[in-house]
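Working notes for the structure below.
Note: hydrogens, waters and symmetry copies are ignored here, and every other heavy atom, side chains too, is used.
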Amino acid sequence: MSFWSNLTGRYLRDEGMELVLVPEQDFKARSREILDAWFSKLPSGTPFTGESMRLAIELEAIGKPHHHNAWSAVIGCITRQWLKGGMARSYGTMTAQRPEAHARILRVYQKV
């Protein structure tokens with residue numbers, strides 16, 4: 001994979017995530033509040049995944065987004081902010097546990 005195709009892929013990914021969130025502003029804002037509170041309570045060194053973040057949102061019973069891709073858009077955006085801000089780091093991988101996730105490989109992060 002070339003340097004330029006990687007940049008284009010990231011651009012397209014980020015653009016697509018923004019588009020799917022346009023009608024989901026309330027869901028995005030509420031999810032952000034929930035995840036910020038959830039993350040602040042995690043002890044340093046605690047591993048977590050996007051699935052654990054989704055569960056934290058679902059436990060608050062705010063409802064589901066109108067489009068299923070909004071889950072990864074919200075969670076991906078917040079996770080990247082934590083990584084860039086030095087609040088979390090990559091930790092490894094694991095297999096997804098939810099049946100709907102079809103045993104895909106998940107990134108595991110760790111709170112710094």
Side-chain angles (χ1 to χ4, degrees):
M1 178 179 294
S2 76
F3 172 78
W4 293 111
S5 63
N6 192 25
L7 283 180
T8 302
R10 287 176 192 227
Y11 171 79
L12 292 172
R13 175 201 64 200
D14 293 346
E15 184 180 294
M17 289 170 76
E18 285 302 315
L19 286 174
V20 79
L21 286 174
V22 168
E24 304 289 352
Q25 293 305 309
D26 290 339
F27 178 79
K28 178 182 176 182
R30 185 67 182 116
S31 295
R32 177 68 186 201
E33 292 171 7
I34 291 165
L35 290 177
D36 283 342
W38 173 83
F39 190 76
S40 70
K41 293 175 189 172
L42 283 182
S44 293
T46 302
F48 64 94
T49 66
E51 282 196 347
S52 56
M53 294 168 71
R54 179 181 173 140
L55 179 60
I57 296 168
E58 288 178 334
L59 289 174
E60 293 295 321
I62 64 170
K64 295 184 179 189
H66 296 94
H67 194 282
H68 64 275
N69 286 351
W71 286 109
S72 60
V74 166
I75 290 169
C77 178
I78 293 169
T79 302
R80 278 191 298 285
Q81 289 175 357
W82 291 342
L83 290 167
K84 289 177 183 176
M87 299 165 59
R89 68 179 186 93
S90 291
Y91 189 66
T93 59
M94 67 176 283
T95 304
Q97 302 301 305
R98 287 183 317 109
E100 304 86 27
H102 303 286
R104 73 173 172 268
I105 301 298
L106 300 174
R107 291 180 182 170
V108 179
Y109 305 98
Q110 184 181 44
K111 182 175 180 179
V112 175

Restricting to pairs with a member in residues 92-112, which pass ring pair (Phe, Tyr, Trp, His ring centres under 6.0 Å), not counting sequence neighbours?
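Applying ring pair (Phe, Tyr, Trp, His ring centres under 6.0 Å) to every pair that reaches into residues 92-112, excluding sequence neighbours, yields Phe48-Tyr109.
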Approximate separation, where rounding is to 0.5 Å, of Asp26 CG and Lys28 NZ
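Between atom CG of Asp26 and atom NZ of Lys28 there are 12.0 Å.
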In this structure, CG of Leu35 is separated from CD1 of Ile57 (nearest 0.5 Å) by 4.0 Å
According to side-chain hydrogen bond (donor to acceptor under 3.5 Å, both in side chains), does anything in residues 40-51 pair up with another residue at least two apart or in another chain? List the pairs.
none
Nearest heavy-atom pair of Ser31 and Ile62: which atoms, and what distance?
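In this case the closest contact between Ser31 and Ile62 is OG-CD1, 3.7 Å.
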In this structure, would Val112 and Met53 fall into the same cluster of hydrophobic residues linked by side-chain contacts under 4.5 Å?
no
Same hydrophobic cluster for Trp38 and Leu106, using side-chain heavy-atom links shorter than 4.5 Å among ILVMFWY?
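In one cluster: no.
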Do Glu60 and Glu33 make a side-chain contact, defined as non-hydrogen atoms from C-beta onward lying under 4.5 Å apart?
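No. Closest side-chain heavy atoms not under 4.5 Å.
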Does the plane of the ring in Phe27 sit parallel, tilted or perpendicular to the ring in Trp71? Use 30° and 60° as the thresholds.
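Ring orientation of Phe27 relative to Trp71: perpendicular.
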Output a table of donor-acceptor pairs, distance under 3.5 Å, between side-chain atoms of residues 89-97 and any protein atom two or more places apart or on a different chain; print 'none' if there are none.
unit_1: Arg89; atom_1: NE; unit_2: Gln110; atom_2: OE1; d: 2.8
unit_1: Arg89; atom_1: NH2; unit_2: Gln110; atom_2: OE1; d: 2.6
unit_1: Gln97; atom_1: NE2; unit_2: Thr95; atom_2: O; d: 2.8

In chain order, what residues pass the side-chain contact (heavy atoms from CB on, under 4.5 Å) check against Gln81, with sequence neighbours excluded?
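Gln81: side-chain contact (heavy atoms from CB on, under 4.5 Å) contacts with Arg32, Cys77.
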